[in-house]
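Have a look at the structure below, then the notes.
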Number of protein chains: 4
Amino acid sequence: MIVVMKRNASAEDIDHIVKNIEELGLKAVTIQGTERIVVAAVGEERVAGINSLESSPGVDEVLPILAPYKLASLELKPEPSTVHAGSLTVGNGQIGVIAGPCSVESEDQLMETAHAVKKSGASALRGGAFKPRTSPYSFQGLKEEGLKLLAEAREQTGLAIVTEVVSPDDVELVAEYADVMQIGARNMQNYRLLEAVGRCPRPALLKRGPSATVDEWLLAAEYILDGGNENVMLCERGIRTYEAHTRFTLPLASVPYVKAKTHLPIVIDPSHGTGHTYMVPALARAAIAAGADGLIVEVHRNPDKALSDGYQSMTHEQFEEMMGKCRRIAGAVDRSLGSEG
Amino acid sequence: MIVVMKRNASAEDIDHIVKNIEELGLKAVTIQGTERIVVAAVGEERVAGINSLESSPGVDEVLPILAPYKLASLELKPEPSTVHAGSLTVGNGQIGVIAGPCSVESEDQLMETAHAVKKSGASALRGGAFKPRTSPYSFQGLKEEGLKLLAEAREQTGLAIVTEVVSPDDVELVAEYADVMQIGARNMQNYRLLEAVGRCPRPALLKRGPSATVDEWLLAAEYILDGGNENVMLCERGIRTYEAHTRFTLPLASVPYVKAKTHLPIVIDPSHGTGHTYMVPALARAAIAAGADGLIVEVHRNPDKALSDGYQSMTHEQFEEMMGKCRRIAGAVDRSLGSEG
Amino acid sequence: MIVVMKRNASAEDIDHIVKNIEELGLKAVTIQGTERIVVAAVGEERVAGINSLESSPGVDEVLPILAPYKLASLELKPEPSTVHAGSLTVGNGQIGVIAGPCSVESEDQLMETAHAVKKSGASALRGGAFKPRTSPYSFQGLKEEGLKLLAEAREQTGLAIVTEVVSPDDVELVAEYADVMQIGARNMQNYRLLEAVGRCPRPALLKRGPSATVDEWLLAAEYILDGGNENVMLCERGIRTYEAHTRFTLPLASVPYVKAKTHLPIVIDPSHGTGHTYMVPALARAAIAAGADGLIVEVHRNPDKALSDGYQSMTHEQFEEMMGKCRRIAGAVDRSLGSEG
Amino acid sequence: MIVVMKRNASAEDIDHIVKNIEELGLKAVTIQGTERIVVAAVGEERVAGINSLESSPGVDEVLPILAPYKLASLELKPEPSTVHAGSLTVGNGQIGVIAGPCSVESEDQLMETAHAVKKSGASALRGGAFKPRTSPYSFQGLKEEGLKLLAEAREQTGLAIVTEVVSPDDVELVAEYADVMQIGARNMQNYRLLEAVGRCPRPALLKRGPSATVDEWLLAAEYILDGGNENVMLCERGIRTYEAHTRFTLPLASVPYVKAKTHLPIVIDPSHGTGHTYMVPALARAAIAAGADGLIVEVHRNPDKALSDGYQSMTHEQFEEMMGKCRRIAGAVDRSLGSEG
């Protein structure tokens with residue numbers, strides 16, 4: 001950590017900050033610049049209270065040097081991780097494709113889409129049973145009944161099941177039916193939930209919060225890893241910006257950045273990342289070209305009748321066509337897409 | 001809701017959208033423009049699946065007309081609400097001031113600050129016992145022990161207690177000790193928690209999520225109101241923007257906007273809203289001048305030793321001085337600040 | 001345009017707004033909803049003063065229906081446009097690649113890079129002679145001397161020259177040497193400059209301003225088109241968001257969006273769009289996969305000695321490698337990249 | 001400047017960066033941390049090419065220490081500056097109020113408003129003659145004819161004239177008529193214009209660009225100061241964020257921040273900063289409470305007929321009422337507002 005002093009900081013201020021740094025167990029190195037003094041705090045800077053140093057007299061700014069996460073970092077584990085969950089493989093040259101409806105609405109609806117996405121080469125089935133909805137007046141999901149339908153769809157198609165868990169109390173129940181525990185964007189900093197998923201034997205898909213920095217996202221992953229669950233997939237689904245013609249802005253630079261910082265695989269969600277069906281194929285192709293390890297996309301047999309997210313869901317035919325194009329891009333980056341065998 | 005058709009939409013597309021609108025129980029009115037056709041969907045537009053209309057063929061855009069919330073709206077209850085919780089009154093010309101440390105760290109620390117803020121005119125004491133921390137390596141709070149210290153501080157000072165609850169499972173426990181249940185920014189869309197607080201007899205202070213729209217924030221309030229808890233205070237604490245010299249950007253336009261849309265009182269948090277102690281007094285004064293119904297500020301006896309948020313905490317002396325200046329501004333807008341009697 | 005009235009709007013308010021709409025030459029259609037009245041203003045809504053309707057009594061909101069631009073719209077010209085400028089073709093299945101240094105620094109530097117990018121298959125050479133620099137203490141460019149060197153590089157390599165013009169007074173001079181007039185992000189709303197380039201016979205490359213909406217960007221293009229210059233290429237170079245590990249956030253959803261709205265080709269700038277050399281290849285590949293018509297990238301023989309933008313410049317070797325990979329992606333979307341012959 | 005090396009940086013990388021730093025004329029100090037090496041570059045870091053150091057091998061990140069501006073900094077001139085221009089004083093406890101229409105539309109319109117704002121206590125008259133308009137189809141201003149009307153209004157009321165200049169070529173002409181040269185948000189980084197205003201004898205009002213950082217804004221001011229014009233007023237008018245119910249987000253934290261960094265006075269524009277007339281008074285009061293040195297507001301005799309910006313313009317009566325309330329806030333912070341004598 002680098003502490004930048006104000007131009008008019010006194011010798012007493014310097015002594016004070018040096019003492020504060022040493023009390024936190026770090027070593028202080030003072031550098032006299034031409035205009036200002038900076039004090040480097042050398043050592044483990046991930047300690048409680050370190051940010052409060054900014055309040056010491058004469059301090060202008062405090063600049064962290066070390067990444068705030070450890071277990072997620074590439075420095076700790078230099079080889080990329082691969083996550084396996086039933087039919088789904090994410091990482092190691094294999095691009096996993098998770099597809100299915102936003103919400104499980106009925107047996108009929110789910111089975112039809114499950115078979116369709118399987119046929120087009122998806123590696124796993126998505127579907128929400130517990131839905132976190134912005135409005136209390138929106139469809140809230142079929143809950144356990146939905147989980148049972150998902151398990152039935154796995155039975156019929158062999159596809160691994162990816163579904164969201166919204167509360168620590170539900171983790172055990174969801175883990176009974178699901179292959180992958182999805183943590184939604186709104187719950188990225190629901191630390192109790194992260195801790196519960198950290199203790200759970202199922203792999204986790206951790207969506208980025210729409211205003212989370214990548215550091216905050218990786219710290220959320222750190223909670224899960226720290227709980228003992230080593231199978232964490234990151235999922236970029238877009239951030240909130242002033243751009244209004246898309247629901248969110250999908251920053252594909254997250255792919256190279258995350259790969260430079262962490263060993264965790266990264267999945268891209270072009271459905272939420274754009275919010276409009278017609279944009280999904282272009283961003284899905286782009287994600288693969290950028291080096292993403294997976295895709296998660298919303299598919300519905302009848303988007304204009306969907307109980308949720310119809311505006312960003314693809315029909316079965318659109319998904320089939322997109323998969324063909326994505327497979328060509330995967331080939332051009334020497335990777336395989338979905339279940340190609 | 002207004003459905004804007006594409007320029008080349010066919011008669012069949014129009015028929016289809018009209019049918020879809022009618023199936024949702026609304027009436028469709030078609031307007032032939034010079035360049036495009038728009039179809040107005042007249043009726044209750046807060047129904048599941050309505051946004052999926054965007055997926056109908058020939059549709060360019062769907063524009064909502066009605067606010068998505070009802071119970072929170074000024075249209076339903078045209079008089080501003082006032083919230084009372086022990087020594088704290090927020091609304092009706094009374095500007096409540098909630099002050100205290102970010103975290104309860106020790107008995108000694110809490111009592112000293114409790115007495116100090118009481119003396120300077122605060123209306124309530126804040127202090128975190130359950131802390132949602134970005135990093136698993138940060139101080140996580142004293143939990144129930146912290147709640148007991150807060151209750152003891154109320155005993156000694158008469159100040160109402162405002163403290164955060166982070167999980168539905170803790171609502172009952174926190175409600176035993178606290179006067180106001182604070183829902184933090186990271187949990188604004190933790191719907192299970194909102195529902196639990198909705199069933200709880202204590203008033204709620206609902207912080208805005210850092211990337212939430214005001215509509216999403218009011219919909220979160222709607223979850224609490226819908227559960228039967230009518231005592232909801234909104235708390236604006238800043239949004240995430242590209243601005244990097246403040247921790248968040250504090251949009252004071254939220255005050256007039258919220259007052260034009262809802263009857264709920266609004267509290268401003270200039271500590272999180274700026275992230276730097278030296279900026280807090282200016283923004284506190286501005287909040288009052290803008291018409292806010294309350295303030296929540298972080299105060300610590302020794303900010304540069306605080307276990308959390310020291311960089312945005314005021315000393316007791318700084319708080320005392322700020323209160324004097326805020327009182328003058330309150331007078332200039334014909335309101336009273338804190339416990340002035 | 002749709003005018004949404006407040007719930008309590010009076011009959012008089014309705015009459016007033018209807019009159020105001022008619023005075024602007026539009027037809028007013030009143031729709032009685034269950035909760036509110038909306039008034040549709042039918043006709044040409046691109047008229048001076050129309051936004052001021054929001055100030056009429058009883059009005060809650062004004063929602064535009066028509067795109068604010070005309071000449072740029074796909075509705076006016078339904079076929080995609082292709083731009084040709086010497087060796088550069090952008091559009092019609094041909095992905096143009098514009099490469100070269102941020103600034104022209106010296107003859108030696110420019111020629112070396114010009115030959116290198118030509119060899120790797122670039123279609124045009126970029127290089128700044130007039131530099132708009134954030135700081136008055138930064139390198140400001142070689143000005144006309146730089147233009148002459150660029151012309152000399154064209155002479156030697158056959159590559160078309162793309163260079164920035166920063167002032168209406170320089171348009172004539174720059175047009176003497178350049179094949180494409182680049183309008184930088186900071187000047188996207190420098191309307192005098194847009195008008196001057198609109199009157200100029202050279203194609204224009206119009207960068208998006210870092211906080212411009214796509215509508216504002218297309219309106220800037222409209223200024224150029226309206227001046228008579230039909231050869232406008234859009235260039236997405238990233239928007240400003242809270243994301244701090246990239247210089248800007250590159251929204252590749254601009255590609256499908258722009259293609260759905262306008263006939264103008266779109267070029268992506270992954271150098272400014274990320275601000276870090278190591279991210280450029282991933283985003284360049286992604287741009288092509290998303291359907292972009294061109295790339296513009298910064299290449300320098302010695303990035304860590306560059307007088308500007310070294311942190312986002314590629315070496316000649318990195319560019320060569322990137323081109324190979326981009327060519328494979330281009331093939332996978334059935335397009336050709338750069339000068340492949 | 002602090003150069004953070006990657007964990008695996010080699011001794012050769014360290015030597016290389018040290019050499020690069022020394023070639024730029026700075027001194028390199030190497031600090032061996034527990035996890036990484038950082039190299040401090042001591043000396044004048046405002047030199048061309050310094051940011052390119054990030055491209056040196058083994059470098060992870062480059063953190064600037066010194067502010068990039070000099071003449072604008074409080075370190076160079078520790079006392080706040082006051083700007084005088086005819087009837088307008090901004091700074092030194094005097095809050096200047098600049099009011100008037102967005103555009104000069106006609107003699108009648110301008111004179112009526114000039115007299116009205118004068119009567120309510122405004123210190124200066126604003127009015128646009130050269131209008132930078134987003135759309136080529138919007139009203140573009142009366143140009144020199146508008147300047148003449150502004151001079152006539154000064155004649156009649158004694159109010160100083162604040163008007164925008166949009167092109168370097170117009171600086172001389174505008175300076176003939178105006179007392180203050182306004183540089184609009186869209187032109188904040190039009191460096192030719194900044195240079196021209198820097199050579200002009202009239203004070204400048206420099207609006208912040210909607211996506212400019214404060215550093216970029218102060219560097220724009222630096223261009224003007226560097227040209228010899230010492231009378232620069234900063235004007236915060238809001239930044240672009242995801243917030244959609246206001247036109248821009250007005251960050252009042254700019255007031256304490258700017259005052260901690262620079263001697264230049266700061267004026268707030270609550271009209272553009274909110275984009276809705278009904279929000280203007282709340283934000284105007286807040287600006288004064290936060291410590292702003294001035295206000296600039298749009299006033300029109302008939303907002304719903306205004307040729308531009310009617311939705312954010314106040315009527316004469318609304319302005320009169322707002323001034324009364326603002327005067328009380330000014331008193332509560334021991335300052336005087338407008339022409340109170």
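We name chains A, B, ... by the order of the sequence lines, and we start the count at 1 in each one.
- For B/Lys19, the salt bridge (Lys or Arg N to Asp or Glu O under 4.0 Å) partners are B/Glu23, not counting sequence neighbours.
- In this structure, chain B has no heavy atom under 4.5 Å from any part of C/Asn8.
- Pairing each heavy atom of C/Val42 with each of B/Gly33, the nearest pair is CG1-CA, 3.5 Å.
- C/Arg36 and B/Glu75 are joined by a salt bridge, as a carboxylate oxygen and a charged side-chain nitrogen come within less than 4.0 angstrom of each other.
- In this structure, B/Thr34 and C/Gly43 approach most closely via the heavy-atom pair OG1-CA, 3.4 Å.
- With sequence neighbours excluded, no residue forms a salt bridge (Lys or Arg N to Asp or Glu O under 4.0 Å) with B/Glu61.
- Contacts from residues 62-73 of chain B to chain C, taken as heavy-atom pairs separated by less than 4.5 Å, involve B/Leu63, B/Pro64, B/Ile65, B/Leu66 in sequence order.
- Atom CD of C/Glu230 sits in a sparse spot, with 12 or fewer heavy atoms from other residues, nucleotides or ligands closer than 6.0 Å.
- Residue-level contacts of residues 243-279 of chain C with chain B, in order of numbering, are C/Lys261; threshold 4.5 Å between heavy atoms.
- Among B/Val38, B/Ile31, B/Val29, B/Leu26, the residue with the largest count of heavy-atom pairs under 4.5 Å with chain C is B/Ile31.
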